[in-house]
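Everything on this sheet refers to the single structure shown next.
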Amino acid sequence: MATDTLKGGTAGAGGAAAVRRLLLDNGALTALIVLVIAMSALSGDFLTTDNLLNVGVQAAVTAILAFGVTFVIVSAGIDLSVGSVAALSATVLAWSATSHGVPVALAVVLALATGIVCGLVNGFLIAYGKLPPFIATLALLSVGRGLSLVISEGSPIAFPDSVSHLGDTLGGWLPVPVLVMVVMGLIAAFVLGRTYIGRSMYAIGGNEEAARLSGLRVKKQKLAIYALSGVFAAAAGVVLAARLSSAQPQAADGYELDAIAAVVIGGASLAGGTGKASGTLIGALILAVLRNGLNLLSVSAFWQQVVIGVVIALAVLLDTVRRKAGATPTHSPGGKGRQTATYALAAVVTVAVVGATSFLHDGSSSSANPKVGLSLSTLNNPFFVQIRSGAQAEAKERGVDLTVTDAQNDASQQANQLQNFTSSGLGAIIVNPVDSDAAGPSVRAADKAGIPVVAVDRGVNKADVSALVASDNVAGGELAAKTVAEKLGGHGKIVILQGQAGTSAARERAEGFAKGLKAYPGIQVVAQQPADFDRTKGLDVMSNLLQAHPDVQGVIAANDEMALGAVKALGAKAGKSVQVVGFDGTPDGLKAVEQGTLYASVAQQPSQLGRIAVDNALRALDGKEVPATVKVPVKVVTKENVAGFHG
């Protein structure tokens with residue numbers, strides 16, 4: 001009996017250990033299964049064919065970038081430049097194909113070659129220049145982004161139609177980006193598991209000195225490894241730009257962090273020596289499922305960042321626990337049959353559980369209240385916060401369920417949000433585009449689904465919208481120029497603080513400034529510099545410009561945030577010897593106007609923009625006639641009339 005008891009206890013302990021080992025060896029897969037089940041239970045809109053395809057499309061760019069980063073991390077390196085390389089490669093493609101008439105096939109080759117060159121530069125600096133990978137790739141991050149802005153002159157470049165098809169679907173349902181992701185994943189898996197360079201990556205990552213002593217040409221291998229990362233980044237840039245129908249100079253900003261996160265979540269170790277393509281794909285899918293599900297659940301974009309940060313920390317913690325427990329290395333050639341069986345079992349379990357949870361949502365997606373989605377370019381700016389406030393106030397009065405998302409000035413992220421709105425069956429969509437061209441494909445998809453779309457503050461190109469509710473940025477820019485010129489008596493030196501390169505608001509307001517100043521030849525523009533619509537950058541840029549131009553007499557800023565930064569830099573000069581004019585009419589801007597430090601602000605009444613956008617969206621949803629353009633008048637607010645102004 002004692003023997004039987006001991007055997008039973010040993011078997012039980014062995015079974016528990018086996019389950020524990022299974023979970024440790026497949027932590028990312030387990031996490032993905034749990035996430036899919038949880039999102040299916042929480043949202044009735046998650047488990048639909050359209051939405052699952054959305055998840056695949058939204059994971060594609062991150063996954064392709066991450067496959068390249070996997071090579072680097074397996075070899076104990078890091079590559080922070082992949083986002084900038086993606087943007088630069090896409091810009092080279094669009095610039096060569098449109099501005100210089102290069103055949104599209106050759107332009108794609110040039111884009112891929114750009115990625116390879118960038119990778120070789122990284123590899124040379126690291127292998128032969130002895131720079132730490134962090135420093136070398138951080139430098140190229142800045143250089144690549146700068147070159148992208150230089151080539152594009154800060155403006156998006158429309159993609160040729162033949163390339164834009166990469167963002168379309170096959171047979172009307174299968175997204176091409178997903179196919180590209182699968183192909184690139186298979187290539188990455190082949191390189192890691194079946195080639196000499198793949199084995200070299202694991203050897204270098206495991207012990208670089210031992211690899212060198214065993215006869216491996218480590219320096220040349222590092223050149224090849226970073227070149228591979230560059231070409232994968234270039235491919236990701238082409239896919240991203242195809243989705244947006246344009247090459248955005250600011251595209252993929254911050255994507256290097258998502259790519260690294262996907263690799264780590266997928267089971268690779270930042271210490272090197274472990275990692276696999278399938279794990280990286282799972283990591284990218286986890287990030288996509290998280291963002292998609294949190295969007296469907298109307299979770300704030302700010303909290304989404306918190307959640308993703310926690311997931312990354314837990315992934316690294318799991319990697320530490322796995323290594324301490326002696327779990328099977330993720331690149332181990334043994335046990336592949338067992339791993340395949342594990343994936344198959346996971347798929348069966350997921351389908352069964354998800355199928356069961358789907359019964360929870362029979363009829364639950366219906367609501368008595370109309371549902372409207374609002375995608376804003378950013379909520380890190382008081383102007384757009386006021387648009388949201390006005391929209392929320394109108395929605396509350398009208399009994400509307402309003403879902404608000406923040407694109408964080410990322411055209412790709414906004415495309416994802418609009419796709420989520422479309423697949424979740426909202427009644428109407430309001431979009432404040434990050435970029436007018438990039439929003440086009442997603443708005444066309446909503447049009448195809450029969451969902452009315454209203455654009456607010458900025459228009460959408462190459463797509464039908466029910467209405468455009470906006471102020472005239474060009475006319476507002478002319479007013480700002482006229483205001484500062486007349487205050488200076490038609491003569492004087494001024495500087496212009498420009499908005500974020502690549503955004504339509506920055507371009508249109510700059511166009512208005514230029515038009516308005518033509519009428520005042522006595523006004524000399526001594527400097528124009530971007531400060532990215534940011535108060536801190538406005539302070540820094542203005543402080544620098546004052547060193548070169550201490551006798552400046554006026555400042556025009558493309559928004560109030562930059563104007564307030566300039567006021568801070570000017571100190572006692574603001575409102576006295578130097579006149580500052582802002583744009584937007586934000587609460588802080590109007591307060592500065594009242595105090596006299598800001599001479600004027602071209603106010604757009606953003607709260608009214610939000611209210612009118614919701615009203616027009618509901619009218620379109622009810623099938624009523626909606627004007628194609630609704631202009632909300634701008635107004636120059638100075639100290640004399642600020643008391644009576646309400647934005």
Side-chain angles (χ1 to χ4, degrees), residues 43-46 48 50-51 54 295-298 361-377 379 384-407 414-433 436 439-472 604-633 647:
S43 173
D45 296 317
F46 179 81
T48 64
D50 286 344
N51 190 61
N54 281 345
N295 279 343
L296 294 179
L297 296 172
S298 301
H361 298 287
D362 286 344
S364 63
S365 60
S366 60
S367 172
N369 297 332
K371 295 182 178 181
V372 177
L374 168 61
S375 175
L376 290 166
S377 58
L379 284 173
F384 299 107
V385 172
Q386 286 182 280
I387 290 181
R388 180 188 64 178
S389 298
Q392 288 175 330
E394 184 72 13
K396 185 176 180 180
E397 291 176 10
R398 304 283 290 273
V400 174
D401 292 337
L402 182 69
T403 300
V404 182
T405 60
D406 173 13
Q414 184 165 66
N416 294 343
Q417 292 167 355
L418 293 174
Q419 285 181 332
N420 293 341
F421 283 163
T422 301
S423 63
S424 60
L426 293 179
I429 295 173
I430 303 170
V431 58
N432 161 234
S436 299
S442 299
V443 172
R444 290 197 297 271
D447 292 338
K448 187 176 180 181
I451 300 174
V453 179
V454 171
V456 60
D457 186 48
R458 304 164 186 165
V460 179
N461 296 337
K462 298 181 180 179
D464 294 328
V465 294
S466 298
L468 167 62
V469 180
S471 305
D472 191 329
Q604 293 195 81
Q605 306 182 75
S607 294
Q608 287 301 312
L609 287 174
R611 282 185 171 273
I612 295 171
V614 171
D615 176 66
N616 280 271
L618 293 177
R619 289 172 62 86
L621 180 58
D622 292 337
K624 298 178 181 177
E625 186 176 349
V626 179
T629 304
V630 181
K631 288 291 185 182
V632 178

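The first residue of the sequence shown is numbered 1, and numbering continues consecutively from there. The shown structure was predicted, so the numbers you read here are calculated from the model rather than taken from an experiment.
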Heavy-atom distance under 4.5 Å between the side chains of [X] and [Y], does that happen here?
| X | Y | answer |
| --- | --- | --- |
| Asp457 | Gln604 | yes |
| Asn51 | Leu296 | yes |
| Pro627 | Asn616 | yes |
| Gln392 | Leu402 | yes |

Before giving the answer on side chain to side chain contact (heavy atoms under 4.5 Å, CB included), spell out for Val460 and Val453 the whole-Å C-alpha distance, their side-chain angles and the decisive distance to 0.1 Å.
CA-CA 10 Å; Val460 179; Val453 179; 5.7 Å; no
Any chance you could measure [X], atom [atom1], to [Y], atom [atom2], to the nearest 0.5 Å?
| X | Y | atom1 | atom2 | answer |
| --- | --- | --- | --- | --- |
| Ile429 | Gln417 | CD1 | CD | 11.0 Å |
| Leu376 | Ile387 | CG | CD1 | 6.5 Å |
| Asp50 | Ser423 | CG | OG | 6.5 Å |
| Asn416 | Phe421 | CG | CZ | 11.5 Å |
| Ser466 | Ile430 | OG | CD1 | 10.5 Å |
| Gln605 | Arg611 | CD | CZ | 12.5 Å |

Between the side chain of Arg444 and the main-chain N/O of Lys462, is any donor-acceptor distance below 3.5 Å?
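Indeed, once roles are kept as given, a pair shorter than 3.5 Å links the two residues.
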Report the C-alpha separation of Asn461 and Ser436 in whole Å, then their side-chain angles, then the decisive distance to 0.1 Å, and conclude whether the side-chain hydrogen bond (donor to acceptor under 3.5 Å, both in side chains) test is met.
CA-CA 5 Å; Asn461 296 337; Ser436 299; 4.6 Å; no
Considering all heavy atoms of both residues, which atom of [X] and which atom of [Y] are nearest to each other, and what is their separation?
| X | Y | value |
| --- | --- | --- |
| Ile451 | Gly427 | CG2-O, 3.8 Å |
| Thr422 | Ala445 | CG2-O, 4.1 Å |
| Gln414 | Pro433 | OE1-CA, 3.3 Å |
| Val469 | Ala613 | CG2-CA, 4.1 Å |
| Val385 | Leu379 | CG2-O, 3.5 Å |
| Val626 | Ala620 | CG2-N, 3.7 Å |

Tell me, yes or no, whether the heavy-atom count around Asp622 atom CG, taken from other residues, nucleotides or ligands under 6.0 Å, exceeds 12.
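Check passes, neighbour count above 12.
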Whether over 12 other heavy atoms sit under 6.0 Å from Lys396 NZ
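At most 12 heavy atoms, drawn from other residues, nucleotides or ligands, come within 6.0 Å of this atom.
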Looking at Thr405, Leu426, Asn54, which hits side-chain contact (heavy atoms from CB on, under 4.5 Å) with Asn420?
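The residue from Thr405, Leu426, Asn54 that satisfies side-chain contact (heavy atoms from CB on, under 4.5 Å) with Asn420 turns out to be Asn54.
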Between Arg458 and Ser377, is the side chain to side chain contact (heavy atoms under 4.5 Å, CB included) condition met? List the steps.
CA-CA 10 Å; Arg458 304 164 186 165; Ser377 58; 3.5 Å; yes
Less than 4.0 angstrom from a charged side-chain N to a carboxylate O is my criterion; do Arg388 and Asp406 meet it?
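Salt bridge: no.
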